[in-house]
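The structure under discussion appears below in the form of structure tokens.
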Number of protein chains: 2
Amino acid sequence: MRSQDLEEMRRIPFFRSVEPGQVEAMLRGAFLQRFPAHVELIHTGEPADFLHVVVEGTVEMFSVHRDRETTLGVSGPGDSFILAAVLFDRPYLQSARALLASRILMVPADAVRQAFAADAGFARAIAENLALAYRGVIKELKNQKLRSGLERLANWLLTHDAENGSTGHFDFPFDKKVLAARLGMAPEVLSRSFAALGAYHVVVHGPSVVIQDVAALRKLAHPCSTIDGTSL
Amino acid sequence: MRSQDLEEMRRIPFFRSVEPGQVEAMLRGAFLQRFPAHVELIHTGEPADFLHVVVEGTVEMFSVHRDRETTLGVSGPGDSFILAAVLFDRPYLQSARALLASRILMVPADAVRQAFAADAGFARAIAENLALAYRGVIKELKNQKLRSGLERLANWLLTHDAENGSTGHFDFPFDKKVLAARLGMAPEVLSRSFAALGAYHVVVHGPSVVIQDVAALRKLAHPCSTIDGTSL
DNA sequence: CGGACCGTTGACTACATTCAATGCAGGTGG
DNA sequence: CCACCTGCATTGAATGTAGTCAACGGTCCG
């Protein structure tokens with residue numbers, strides 16, 4: 001790894017509360033790798049050899065069972081994934097693929113485990129990371145089980161708008177196909193859902209969305225702090 | 001708390017890797033409380049004042065949104081719950097109710113946070129606990145999104161049988177109503193699913209089940225190590 | 001111009017919820 | 001001991017939500 005890359009890695013939030021020596025040790029055996037879009041980074045069931053951290057790009061976490069596939073989450077810059085599997089040397093429960101061309105930091109699993117054992121600050125940072133990840137999945141599970149597809153879409157629109165300045169209009173950060181998977185529905189259903197949102201003054205034109213009446217959309221969505229958003 | 005109770009608490013797996021002094025400190029302000037069945041122990045959205053550990057009994061984790069309710073998990077003796085919320089002082093994302101009369105250890109949240117900050121061994125134990133909990137929820141999410149109700153039931157039967165000696169017959173540990181909620185279906189659907197399992201030589205009589213042909217049931221269920229069980 | 005892919009729409013199917021009616025226990029009180 | 005109530009489980013019918021299959025239009029790109 002080049003020294004300017006090393007500098008960049010040190011600034012990753014994940015390493016912030018780690019002793020400099022431990023960061024060195026972890027980065028010594030690490031790779032910073034570029035992946036083109038659509039490439040599969042890890043595969044469900046394989047042993048956890050590396051901790052992956054997204055430096056740049058977007059990664060989709062998904063899983064396949066028999067002839068069905070489902071998206072479990074999407075990770076962006078600064079996010080690590082499959083930390084739980086790496087820490088305790090278990091097989092991955094999820095697969096990951098790059099949605100965009102991405103730069104991924106890959107830290108050997110035993111280096112992570114060693115730092116976890118040696119550095120209490122790192123252990124606490126990991127606990128915090130896992131706690132937030134856990135709460136994220138619980139929210140996703142509630143989102144899936146307690147809401148209809150239309151409600152999930154309405155809430156996604158509101159959340160995404162809020163994360164981008166609440167202007168009421170934005171472009172989709174990925175294909176609608178991917179959005180459908182992320183919301184847990186077939187692409188056709190997403191299409192129909194957009195049509196249904198016309199009644200709530202949501203206008204979709206190609207890759208752009210306009211929310212003309214936030215109040216109406218909120219009334220449909222019933223956003224809830226214990227399901228939506230990352231603040232809690 | 002009585003001294004014999006203190007002895008019992010010290011043997012909880014959760015406290016095994018904690019310094020004795022820290023355990024003392026946590027237990028000093030803790031309560032060991034009995035709850036009758038059906039009582040709600042914690043409520044979604046409230047601040048996390050206590051870490052709860054099931055000493056005896058069974059607790060259902062659930063959540064309500066608008067007019068819908070869903071079960072997110074069931075905890076038994078030795079399990080702690082809402083650890084993530086307690087650690088970082090966030091509101092509960094789940095509610096909990098006792099399914100059976102239960103004894104619950106309640107440790108003040110700030111005592112837990114203090115021990116987490118002071119004792120690296122405890123911090124690592126918590127990280128491990130959170131990692132396993134995280135993987136459990138991921139499995140539950142996959143179970144929900146990748147399988148039909150009938151498949152979930154078939155797998156639950158196989159898993160539960162395996163956890164009880166693989167004898168091929170057992171009694172339900174809780175009401176069918178609760179099982180239905182746990183599997184994410186209406187009680188009526190569970191009823192119909194049992195009827196459908198007749199074709200696979202599963203015989204249900206009141207509270208008892210007999211799996212007469214494990215091979216046939218497995219062929220329907222397609223059990224999978226990255227969804228089922230607690231071993232991985 | 002032709003091909004590939006995405007998104008949309010329609011028709012059909014599968015799975016699950018809801019509502020309603022019934023049967024079957026266990027528990028209470030006359 | 002029996003009548004009665006309550007709550008759970010089962011069954012039927014109707015509804016609703018989402019997945020599947022197929023066809024079509026548009027756009028990007030060779």
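Numbered from 1 within each chain, the chains take letters A, B, ... in sequence-line order.
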Could you pull out all donor-acceptor pairs under 3.5 Å where a side-chain atom in residues 33-43 of chain B meets a protein atom, sequence neighbours excluded?
{"residue": "Glu40(B)", "atom": "OE2", "partner": "His43(B)", "partner atom": "ND1", "Å": "2.4"}

To the nearest Å, how far apart are [X] [atom1] and [N] [atom2]?
X: Gln144(A); N: dT17(D); atom1: CD; atom2: P; value: 16 Å
X: Leu153(B); N: dA16(C); atom1: CG; atom2: P; value: 11 Å
X: Leu183(A); N: dT17(D); atom1: CG; atom2: P; value: 17 Å
X: Glu151(B); N: dA14(C); atom1: CD; atom2: P; value: 15 Å
X: His38(A); N: dC5(C); atom1: NE2; atom2: C1'; value: 11 Å
X: Leu179(A); N: dT8(C); atom1: CG; atom2: C1'; value: 15 Å

Strand contacts (DNA chain C) in residues 57-74 of chain A, 4.0 angstrom heavy-atom criterion: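 None, since no heavy atom is under 4.0 Å.
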Verdict with supporting geometry, Thr44(B) and Ser95(B), side chain to side chain donor-acceptor pair (under 3.5 Å): CA-CA 5 Å; Thr44(B) 303; Ser95(B) 300; 2.7 Å; yes
Sidechain N-carboxylate O distance under 4.0 Å for [X], [Y]:
X: Lys219(B); Y: Asp213(B); answer: no
X: Lys142(A); Y: Asp228(A); answer: no
X: Arg182(B); Y: Asp175(B); answer: no
X: Glu140(B); Y: Lys145(B); answer: no
X: Arg97(A); Y: Glu69(A); answer: yes

N/O to N/O distances under 3.5 Å, protein versus nucleotides 21-24 of chain C:
none

For residues 187-208 of chain A, please give each side-chain donor-acceptor pair under 3.5 Å, one per line with the distance, not counting sequence neighbours.
{"residue": "Ser193(A)", "atom": "OG", "partner": "Val189(A)", "partner atom": "O", "Å": "2.8"}
{"residue": "Ser208(A)", "atom": "OG", "partner": "His205(A)", "partner atom": "O", "Å": "3.3"}

Gln94(A)-Ser63(A) side chain donor-acceptor pair, cut-off 3.5 Å: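 Result is no, nothing qualifies.
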Counterpart residues, salt bridge (Lys or Arg N to Asp or Glu O under 4.0 Å), relative to Glu128(B) (two or more places apart): none
Review item, nucleotides 8-15 of chain D N/O atoms under 3.5 Å of protein N/O:
{"residue": "dC8(D)", "atom": "OP2", "partner": "Lys177(B)", "partner atom": "NZ", "Å": "3.4"}
{"residue": "dA9(D)", "atom": "OP1", "partner": "Lys176(B)", "partner atom": "N", "Å": "2.9"}
{"residue": "dA9(D)", "atom": "OP2", "partner": "Lys177(B)", "partner atom": "N", "Å": "3.1"}
{"residue": "dT10(D)", "atom": "OP1", "partner": "Lys176(B)", "partner atom": "NZ", "Å": "3.0"}
{"residue": "dT10(D)", "atom": "OP2", "partner": "Ser191(B)", "partner atom": "OG", "Å": "2.8"}
{"residue": "dT10(D)", "atom": "O5'", "partner": "Ser191(B)", "partner atom": "OG", "Å": "2.9"}
{"residue": "dG12(D)", "atom": "N7", "partner": "Arg192(B)", "partner atom": "NH1", "Å": "3.1"}
{"residue": "dG12(D)", "atom": "O6", "partner": "Arg192(B)", "partner atom": "NH2", "Å": "3.3"}
{"residue": "dA13(D)", "atom": "N6", "partner": "Arg192(B)", "partner atom": "NH2", "Å": "3.1"}

Side chain to side chain contact (heavy atoms under 4.5 Å, CB included) between Phe174(A) and Leu179(A), intermediate numbers included: CA-CA 7 Å; Phe174(A) 28 66; Leu179(A) 177 60; 4.2 Å; yes
